[in-house]
Student: 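What follows is a single structure, and I will ask about it in a moment.
Numbered from 1 within each chain, the chains take letters A, B, ... in sequence-line order.
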2 protein chains.
Amino acid sequence: MSLRIFSNSSVYALRALMYLVSRREKQKYISIKEMSETLDISFHFLTKALQPLTHKGILMSSRGPAGGVSFLKAPEEVTLMEIILILEGEDFFKSCMLGLEGCGHQRPCPVHGVWMDIKSILMKEFSSISLAMIGDKTVMQHLRLMNL
Amino acid sequence: MSLRIFSNSSVYALRALMYLVSRREKQKYISIKEMSETLDISFHFLTKALQPLTHKGILMSSRGPAGGVSFLKAPEEVTLMEIILILEGEDFFKSCMLGLEGCGHQRPCPVHGVWMDIKSILMKEFSSISLAMIGDKTVMQHLRLMNL
DNA sequence: CTTATTTAAGACATATTAGTCTTAATTAAA
DNA sequence: TTTAATTAAGACTAATATGTCTTAAATAAG
C-alpha cells in the first residue's frame, strides 16, 4: 500500500471542493452531476461525501433545476484543516502512530514524540492553506484534479 | 476516522520489533507466541506480519522448541524507514495526496508541493530513527507497547 | 399545477482489510 | 527416534470501507 492519510470519501470531497473553487466565478450553483462526471467520481458517492460540508456551513446546496452546490463560507476563509476536521472528524489528529488507546504525555508509546512532531507539521501546513489559494493556483498553473 | 498511515499488519509488526529490541539482551530467540500474548495481538496474524522481515534479512527465525525470531541485522543498523518500506512496499512514499495516477513534477495536482514536503519530512524522520534507539528509549523510560 | 431536474437519505452489493483456523514443515529435547 | 514446540503457508471467515441503486423531497421552469 502507498501512503494515504484520508479516506476515499474525503479525497473525493476535497477534489470536488478544489474543482468548485477553481471555477467559482461562473454560475451560482454547480451540479454534483457535472463534478462527478468531470472528476470521474461516482455521483451518489460524491453526493454523500459532500453532505457533511453543507451541514457544517461550508457549502450550500439547492435541489431542482439549476441546483447544485456552492460556497456558503468564502473560500478565502476556509482552510484545508477545517475541511479535514469536518470530513474525517474532530479527533483526526489525536491518534497514536501505533494505534494505542490513551497514548499521550502521561503514558506515551516509544514514538509518541516523533508522531506529535509530524502531526504538528501536518496541522500547521493544512491550517495555512485556504481553498481560495488552491483554486487560484489550480487555475493559474492549469493543475489537474483527475486522472488522465 | 483518525490519522493512521500504516496498515494494522504493519503496526503489529512494528510493535513486535520494538518489543523484541527492547529485550534483546535475553535469550537468542523470542517466540512469536510470547510476543503475541504480551502485546495482545493475534498470534497467527503476527506470525504473518513478521514474515516479510525475515525474508528481507532483518530477522531470523527458528522453528521448534526454543524457537522464535531474533535480529539478523543489528538493530543499530535498522532504521524505521527500512522497516516501513519492507512492510508497506518500496513505493510507500510515492503517493499523491489526492490519489492521482502519475502525479509528479510534470503533471502535478494542486497539493503536490505540500505533499512532497510532508513526505520528505516523514522520510527524514523515519530514516533518522533506528530500532536500537527505540529499544533503549523504551527500556529507560518504561514506555508502553500495548493497550492498558 | 405539472413536470423535469436535482440533492438527500438509506438500503443494498462489492471489494478490501483484518483476523481465525487448519495443516505442514522444522527443530530441539527427551 | 519419537514427541512436543514452534514457525510457515494457505484456506476460510468477519469486519470495514467503498460503491451502486432506489426512493423521497425540493425547486425551477413551463
Student: Tell me whether B/Ile5 shares a hydrophobic cluster with A/Phe92, the cluster being built from Ile, Leu, Val, Met, Phe, Trp, Tyr side chains joined at under 4.5 Å.
Tutor: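 Yes.
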Student: Taking NZ, NE, NH1 and NH2 as the nitrogens, is one of them in B/Glu82 or B/Lys73 under 4.0 Å from a carboxylate oxygen of the other?
Tutor: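 B/Lys73 and B/Glu82: salt-bridged.
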Student: Heavy-atom nearest nucleotide on DNA chain C for A/Phe43 versus B/Ser42: which residue maps closer to 5'?
Tutor: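 Whichever sits nearer the 5' end wins; that is A/Phe43.
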Student: Rounded to the nearest 0.5 Å, what separates atom CE in B/Met97 from atom SG in B/Cys109?
Tutor: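 With rounding to 0.5 Å, CE (B/Met97) is 7.0 Å from SG (B/Cys109).
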Student: Do A/Leu80 and A/Ser127 have side chains that get closer than 4.5 Å, going by heavy atoms?
Tutor: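 They are not in side-chain contact.
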Student: Can you check whether A/Ser95's main-chain N or O pairs, donor with acceptor, with A/Trp115's side chain at less than 3.5 Å?
Tutor: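 Checked: pair present.
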Student: Is the number of heavy atoms from other residues, nucleotides or ligands within 6.0 Å of CE (A/Met123) greater than 12?
Tutor: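 Atom CE in A/Met123 is crowded, with more than 12 foreign heavy atoms closer than 6.0 Å.
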Student: Separation of B/Ile41 atom CD1 from C/dT20 atom P, in whole Å?
Tutor: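 Nearest whole value for this atom pair: 12 Å.
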Student: Would you tell me whether A/Glu34 and A/Tyr29 have side-chain atoms, one donor and one acceptor, within less than 3.5 Å of each other?
Tutor: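 Per modelled atom types, A/Glu34 and A/Tyr29 side chains form no pair under 3.5 Å.
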Student: Output a table of nitrogen or oxygen pairs between the protein and nucleotides 11-16 of chain C separated by less than 3.5 Å.
Tutor:
| unit_1 | atom_1 | unit_2 | atom_2 | d |
| --- | --- | --- | --- | --- |
| C/dA11 | N6 | A/Lys48 | NZ | 3.1 |

Student: Rounding to a whole Å, what distance do you find between B/Leu46:CG and C/dG19:C1'?
Tutor: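 Nearest whole value for this atom pair: 12 Å.
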Student: Specify the residues of residues 85-96 of chain A, ordered by number, for which at least one heavy atom lies under 4.0 angstrom from an atom of DNA chain C.
Tutor: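 Under 4.0 Å from DNA chain C: no residue of residues 85-96 of chain A.
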Student: Reading DNA chain D in the 5' to 3' direction, which nucleotide is the first one with an atom under 4.0 Å from a heavy atom of chain B, and which is the last?
Tutor: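 The contact span of chain B on DNA chain D goes from D/dA4 to D/dA17.
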Student: Do B/Ser70 side-chain atoms and B/Lys28 backbone N/O form a donor-acceptor pair below 3.5 Å?
Tutor: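 A pair under 3.5 Å: yes.
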Student: Which residues in residues 56-66 of chain A have at least one heavy atom lying under 4.0 Å from any atom of DNA chain C?
Tutor: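 Those residues whose heavy atoms fall under 4.0 Å from DNA chain C, taken from residues 56-66 of chain A in numerical order, are A/Ser61, A/Ser62, A/Arg63, A/Gly64, A/Pro65.
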Student: Which residues pass the side-chain contact (heavy atoms from CB on, under 4.5 Å) test with A/Ala74, sequence neighbours left out?
Tutor: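 With sequence neighbours excluded, A/Ala74 shows a side-chain contact (heavy atoms from CB on, under 4.5 Å) to A/Glu76, A/Glu77, given in chain and number order.
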Student: Supply the members, apart from A/Ile121, of the Ile/Leu/Val/Met/Phe/Trp/Tyr cluster built from side-chain contacts under 4.5 Å; use none for a lone residue.
Tutor: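 Answer for A/Ile121: B/Ile121.
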Student: Would you say NZ of A/Lys33 has more than 12 non-hydrogen atoms from neighbouring residues, nucleotides or ligands within 6.0 angstrom?
Tutor: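 Count not over threshold, so no.
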Student: Let me know the distance between CZ of A/Phe45 and P of C/dT7, rounded to the nearest Å.
Tutor: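 Rounded to whole Å, this separation is 17 Å.
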Student: Can you tell me how far C1' of C/dA18 sits from CZ of B/Arg15, to the nearest Å?
Tutor: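 In whole Å, C/dA18 C1' and B/Arg15 CZ are 14 Å from each other.
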Student: Hey, are the side chains of B/Ile118 and A/Phe126 touching, using non-hydrogen atoms and a 4.5 Å cut-off?
Tutor: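 The answer is yes; the side chains approach within 4.5 Å.
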Student: Rounded to whole angstroms, how far apart are CD1 on A/Ile30 and P on C/dT6?
Tutor: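 After rounding, the reported distance stands at 13 Å.
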Student: Taking a hydrophobic cluster as the set of Ile, Leu, Val, Met, Phe, Trp and Tyr residues connected by side-chain heavy atoms closer than 4.5 Å, whether directly or through intermediates, do B/Phe6 and A/Met116 fall within one such cluster?
Tutor: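 Result: no, two separate clusters.
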